[in-house]
Amino acid sequence: MENFPEIISVDDHTVEPPGVWRDRLPSRYRGSGPRVVRAPLREMTFLGGRFAPVMGAPGEEGPIGDWWVYGDLHRPLTRLDTAVGCDRDEIRLEVITYEQMRPGSYRVADRLADMDVNHVQSALCFPTFPRFCGQTFTEAKDRELGLLCVRAYNDWMVEEWCGPEARGRLIPLTLIPLWDADLAAAEVRRNAARGVRAVAFSEIPPHLGLPSVHTDEWDPFLAACDETGTVVAMHIGSSSRMPSTSADAPPAVGSAITFANCCFSMVDWLMSGKFERFPNLRVMYAEGQIGWIPYILERADVVWEENRGWGGVADKVRRPPSELFADHVHGCFFDDAFGLRNLDAIGVRNVLYETDYPHSDSTWPRSREVGEAQMGHLPADVVERIVRGNAIELLGLTADGLWAGP
């Protein structure tokens with residue numbers, strides 16, 4: 001493909017610099033807010049979809065890494081957080097320091113340079129330490145501090161990560177206080193007023209001890225998204241539980257079925273009635289891939305047609321789920337040749353491209369080559385829409401594919 005479009009990636013990641021909260025929290029909280037310490041690793045496992053690191057004491061034997069400390073939480077930076085530039089066979093579950101990661105993981109200028117190498121014009125970035133929907137702050141005991149942390153992250157995201165140095169090439173994705181839908185609505189509106197059009201949310205809130213989308217608990221938040229045109233962005237793992245089969249299943253099992261949470265979540269939303277109550281609402285599934293979507297839509301339509309009377313949805317889902325999907329749901333992929341061969345069963349306007357920089361699954365620096373190989377059978381206008389056009393529309397970008405700011 002001689003003229004493969006410049007990519008707008010809707011799923012990349014930022015590794016937060018050490019000063020994000022230290023520089024923004026009130027002075028009384030700087031000792032208890034998120035901060036980085038260098039410490040040894042005592043032990044770390046990732047089995048059954050559960051990540052369990054244990055920080056060692058000063059002077060203790062063990063590999064040295066940089067750790068985020070926040071209340072009772074000790075979360076290390078790991079090679080899986082920022083694996084680009086490393087040989088795939090040499091990537092291990094290990095702790096690292098900032099000096100051991102690619103600078104584009106946490107510095108704007110270096111990120112833009114790495115985007116240039118990868119034929120990427122613009123990128124929407126999910127968080128690392130807060131986790132994919134900010135559940136770190138929901139799990140903390142001090143809700144006042146948690147709210148300040150959410151707002152501090154959002155201010156950093158808008159004013160620095162996506163600030164003047166980024167020249168519109170980094171697209172803001174903000175967080176909400178998940179424990180209070182009214183506070184969440186206020187934060188959506190606060191950020192929408194400065195040009196933000198995407199907010200992170202959990203794929204399966206009950207896994208976080210929160211209400212499901214089948215309740216009315218989230219309605220203030222959803223109403224704010226509906227009114228402001230803010231897309232609800234759900235990343236795999238944003239329920240703090242990756243799919244797995246057993247407590248001792250190796251990470252490879254979960255990695256092969258990462259789409260499963262997206263699959264369950266999408267059926268939840270399609271059967272919730274929320275898309276009929278909030279007609280402007282849009283949701284997207286980051287890193288969920290797309291090849292599984294056609295069958296789920298087919299099955300959901302059959303259930304809706306044949307079983308809605310006893311299935312508990314007849315009074316709230318009045319259109320076939322596949323029609324609701326077409327109007328409200330977007331799947332995101334970085335490597336899914338099967339899904340692209342079945343694009344007619346998904347919908348050209350419902351598919352977005354991503355690179356997953358700087359994670360271990362990332363196609364960097366070959367995202368263009370992967371796209372060309374997998375989209376070579378598609379017409380040029382379809383490729384343009386998948387690689388950038390749909391993202392421009394969904395995220396309210398300029399015609400040139402840039403974030404315009406406030």
Side-chain angles (χ1 to χ4, degrees), residues 10-11 124 197-205 212-214 218-219 221-223 225-226 229-236 238-239 243 257-308 311-334 336 338-354 378 382 385-387 389-396:
V10 295
D11 171 32
L124 180 83
R197 291 294 177 269
V199 63
F201 190 65
S202 174
E203 60 205 349
I204 307 177
S212 79
V213 296
H214 300 289
W218 296 107
D219 284 5
F221 162 66
L222 299 179
C225 293
D226 180 82
T230 299
V231 62
V232 177
M234 293 172 282
H235 194 285
I236 59 166
S238 56
S239 59
I257 57 174
T258 53
F259 72 92
N261 280 358
C262 297
C263 173
F264 299 160
S265 174
M266 190 180 81
V267 175
D268 248 357
W269 282 90
L270 293 176
M271 298 297 187
S272 70
K274 298 302 182 187
F275 294 139
E276 306 209 32
R277 293 189 59 191
F278 303 104
N280 298 313
L281 190 62
R282 302 290 183 274
V283 304
M284 58 170 268
Y285 288 99
E287 209 174 321
Q289 312 302 339
I290 59 174
W292 52 273
I293 292 176
Y295 171 71
I296 292 300
L297 293 180
E298 177 183 282
R299 176 59 184 164
D301 276 359
V302 169
V303 169
W304 179 82
E305 184 67 39
E306 303 293 337
N307 301 331
R308 63 179 179 264
V313 297
D315 60 338
K316 59 182 179 180
V317 181
R318 304 188 182 281
R319 297 167 58 199
S322 60
E323 290 185 12
L324 296 173
F325 173 90
D327 290 343
H328 298 274
V329 183
H330 301 265
C332 311
F333 77 99
F334 58 79
D336 192 340
F338 179 83
L340 289 166
R341 290 195 301 270
N342 293 275
L343 194 60
D344 58 336
I346 303 169
V348 171
R349 291 182 176 272
N350 299 87
V351 173
L352 306 167
Y353 199 39
E354 58 186 42
L378 298 173
V382 171
R385 179 158 285 284
I386 292 171
V387 173
N390 288 337
I392 288 173
E393 291 181 6
L394 184 64
L395 300 172

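Positions are given from 1, in the same order as the sequence printed here.
- Distance check, rounded to the nearest 0.5 Å: OH of Y295 to CG of L297 gives 11.5 Å.
- Under the 3.5 Å distance criterion, the side-chain polar atoms of R282 are left unmatched by any main-chain donor or acceptor of D226.
- Annotation: side chain of D219 is in contact with side chain of R277 (closest heavy-atom distance under 4.5 Å).
- When atom types are taken as modelled, the side chain of D268 and the backbone of V213 share no donor-acceptor pair closer than 3.5 angstrom.
- Smallest separation of non-hydrogen atoms from A300 and P321: O-CG, 3.6 Å.
- Side chain of S272 to main chain of W269: a donor-acceptor pair is present (N/O by atom type, distance under 3.5 Å, no hydrogens or angles).
- Not one N or O on the side chain of Q289 forms a donor-acceptor pair closer than 3.5 Å with the backbone of F259.
- Two rings, from F333 and Y353, have their centers less than 6.0 Å apart.
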Exercise. Let me see the working for R349 and N390 under side chain to side chain contact (heavy atoms under 4.5 Å, CB included), right down to the final yes or no.
Key: CA-CA 6 Å; R349 291 182 176 272; N390 288 337; 4.2 Å; yes

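- Residues E305 and P320 form no side-chain contact, since every pair of their non-hydrogen atoms from C-beta on lies 4.5 Å or further apart.
- Between D327 atom CG and N350 atom CG the span is 8.5 Å, to the nearest 0.5 Å.
- For the pair R385 and E393, the minimum side-chain heavy-atom distance is below 4.5 Å.
- When all heavy atoms of A198 and L124 are compared, the closest pair comes out as CB-CD1, 4.1 Å.
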Exercise. Quick one: do F275 and L270 satisfy side chain to side chain contact (heavy atoms under 4.5 Å, CB included)? Show the steps, please.
Key: CA-CA 7 Å; F275 294 139; L270 293 176; 4.0 Å; yes

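- Between R308 and V317, every side-chain heavy-atom pair lies at or beyond the 4.5 Å cut-off.
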Practice problem: Evaluate the criterion side chain to side chain contact (heavy atoms under 4.5 Å, CB included) for residue pair I293 and V329; output intermediate values, then yes/no. | Solution: CA-CA 11 Å; I293 292 176; V329 183; over 6 Å; no

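- Summarising the geometry of S322 relative to D301, their closest heavy-atom pair is OG-OD2, 2.6 Å, with the distance given to 0.1 Å.
- Between the side chain of N342 and the main chain of I290, no donor-acceptor pair closer than 3.5 Å is present.
- Side-chain contact between V10 and L395 is present, with heavy atoms from C-beta onward closer than 4.5 Å.
- The main-chain N or O of E203 is found under 3.5 Å from a side-chain atom of S238 such that the two form a donor-acceptor pair.
- In this structure, Y285 OH and S265 OG are separated by 3.0 Å, a value rounded to the nearest 0.5 Å.
- C225 and V199 make their closest contact through SG-CG1, 4.0 Å (heavy atoms, listed as atom of the first residue, atom of the second, distance).
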Quiz item: Given C332 and D11, is the side chain to side chain contact (heavy atoms under 4.5 Å, CB included) satisfied, shown in steps?
Solution: CA-CA 8 Å; C332 311; D11 171 32; 5.5 Å; no

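- The nearest pair of heavy atoms linking H328 to L281 is ND1-O, 2.7 Å.
- Counting heavy atoms from C-beta outward, L343 and I386 have side chains that approach closer than 4.5 Å.
- Considering CD of E287 and CE of M234, their distance stands at 14.5 Å, rounded to 0.5 Å.
- Within the model, atoms CZ of F201 and CZ of F221 stand 5.5 Å from one another, a figure rounded to the nearest 0.5 Å.
- Between the CE atom of M266 and the CG atom of N261 there is a distance of 13.5 Å, given to the nearest 0.5 Å.
- Side chain of W292 to backbone of C263: no donor-acceptor contact under 3.5 angstrom is found.
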